[in-house]
Chemist: 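Below is the structure I would like to discuss, written out as structure tokens.
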Amino acid sequence: MNFWDQAYSYTPPWDIDQPQPVFIDLLNRGEVQPGPLLDVGCGTGENAIFFARNGFSVTGIDLSPTAIRLAKQKAHQHHISVNFYTENALMLANRFAPATFTTVIDSGLFHTLTDDERPVFTDQLAKILKDHGNYFMLCFADKEHRPSGPRRISKEEIHHTFTPHFIINYIHDAIMLSNIHNPPIQAYFTSATKL
Ligand code: SAH
């Protein structure tokens, strides 16, 4: 059982029973192009199910088989169709053909990656996204000073990591909900477009 699978033997702090509000706002602003959408590191699938409910053809992948099992159960209960797979975000191009997705969403995956994993991840993303496809990412911000949780990310790091394959449209101040943070986590919400 891997570290992430272990985390799902109880309800982890990030596993809230609703989509993250930033993704609802994103959809309401009309920034998500029609077309296939991938939720990378989807956990138990709240964000994936939200987009599927709103008419998108959605795929969700996660390294944790337990999270994927829970996500499938949830989708089934809600009569929503989503393709959920146990898969490594660092090996996306092994499963998906080039340019499969118009949009990739990332709610709390990027901030778990090591320095070495970051360029591997962006490379994989660039392969499976269509040209001019978008990547939307929510992560812990460097202005979140409470202890515990994943790495804190600076705007400079986001620019540095994604500029080889993407242009950054914006990095907005945002909040991320969790089961243990009150007030919510100080986060950044990034919109990037594949060059
Ligand atoms: N997006 C979900 C989960 C966020 S927590 C939500 O918003 O609730 C980060 C998730 O990334 C965990 O579910 C973990 O299992 C997954 N993860 C971590 N490393 C991964 C990797 N290399 N490939 C795929 N998923 C990964």
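The structure displayed is predicted, hence computed values, not measured ones. Sequential numbering from 1 along the given sequence is applied to the chain's residues. Remember, it's 1-based here, ligands and their atoms both numbered in the order they're listed.
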Chemist: For ligand 1, which is the ligand I care about here, please tell me if Ala89 has any N or O atom under 3.5 Å from one of the ligand's N or O atoms.
Modeler: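 So ligand 1 has an N or O lying under 3.5 Å from an N or O of Ala89.
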Chemist: For Phe101 together with Phe96, are the ring centres under 6.0 Å from each other?
Modeler: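 Between Phe101 and Phe96, which both carry aromatic rings, the centre distance is below 6.0 Å.
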Chemist: For Asn47, is the nearest heavy atom under 4.0 Å from an atom of ligand 1?
Modeler: yes
Chemist: Does ligand 1 have any atom sitting under 4.0 Å from a heavy atom of Glu117?
Modeler: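 Distance cut 4.0 Å: Glu117 fails for ligand 1.
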Chemist: Give the contacting part of Glu87 toward ligand 1: side chain, backbone, both or neither, where contact means a heavy-atom distance below 4.0 Å.
Modeler: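 Under 4.0 Å from ligand 1, Glu87 contributes backbone atoms alone.
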Chemist: Name the closest protein heavy atom to atom 1 (N) of ligand 1, giving the residue it belongs to and the distance to 0.1 Å.
Modeler: Gly41 O, 2.7 Å
Chemist: Same cluster or not: are Phe140 and Ile171 linked, directly or through other Ile, Leu, Val, Met, Phe, Trp or Tyr residues, by side-chain heavy atoms under 4.5 angstrom apart?
Modeler: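 Cluster IDs for Phe140 and Ile171 differ.
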Chemist: Report the nearest protein non-hydrogen atom to atom 7 (O) of ligand 1: residue, atom name, distance rounded to 0.1 Å.
Modeler: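 The closest heavy atom on the protein side is Ser107 OG, 2.8 Å.
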Chemist: Starting from atom 15 (O) of ligand 1, locate the nearest protein heavy atom and write down its residue, its atom name and how far away it is, to 0.1 Å.
Modeler: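 The answer is Asp62 OD1, 2.6 Å.
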Chemist: Quick check: Ala67 and ligand 1, any N/O pair under 3.5 Å apart?
Modeler: no
Chemist: Is there a path of hydrophobic side-chain contacts, each under 4.5 Å between heavy atoms, that joins Ile68 and Trp4?
Modeler: no
Chemist: Salt bridge check, Arg151 against Asp142: does any charged N sit closer than 4.0 Å to a carboxylate O?
Modeler: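 Not counted as a salt bridge, because no side-chain N and carboxylate O are separated by less than 4.0 Å.
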Chemist: Tell me the protein heavy atom at minimum distance from atom 9 (C) of ligand 1, and give that distance in Å.
Modeler: Gly108 O, 3.4 Å
Chemist: Write out the residue and atom name of the closest protein heavy atom to atom 25 (N) of ligand 1, then the distance separating them to 0.1 Å.
Modeler: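 Answer for atom 25 (N) of ligand 1: Leu63 N, 3.1 Å.
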Chemist: Does the ring centre of His172 sit less than 6.0 Å away from the ring centre of Phe189?
Modeler: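 Judged by ring-centre distance (under 6.0 Å), Phe189 and His172 do not meet the cut-off.
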Chemist: Where on Cys42 is there a heavy atom closer than 4.0 Å to ligand 1, on the side chain, on the backbone, on both, or on neither?
Modeler: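 Just the backbone.
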Chemist: What protein heavy atom is closest to atom 22 (N) of ligand 1, reported as residue, atom name and distance in Å?
Modeler: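 Of the protein heavy atoms, Asn88 OD1, 2.9 Å lies nearest.
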Chemist: If you measure only the distance, is there a donor-acceptor pair under 3.5 Å linking the side chains of Asn134 and Thr103?
Modeler: no
Chemist: Answer yes or no for Tyr8: is there a heavy-atom contact with ligand 1 below 4.0 Å?
Modeler: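 Per 4.0 Å heavy-atom rule, Tyr8 contacts ligand 1.
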Chemist: Under a 3.5 Å threshold, yes or no: a donor from one side chain and an acceptor from the other, between Tyr170 and Glu31?
Modeler: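 The criterion, which ignores hydrogens and geometry beyond distance, is satisfied for Glu31 and Tyr170.
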Chemist: Considering only heavy atoms, which of Leu109, Ile61, Thr112 lies nearest to atom 17 (N) of ligand 1?
Modeler: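 The nearest heavy atom belongs to Leu109.
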Chemist: Within the 4.5 Å heavy-atom criterion, are Leu63 and Glu87 side-chain neighbours or not?
Modeler: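 Sidechains of Glu87 and Leu63: no contact.
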Chemist: Flag the pair Tyr135 / Phe162 as yes when their ring centroid distance falls below 6.0 Å, and as no otherwise.
Modeler: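 Yes.
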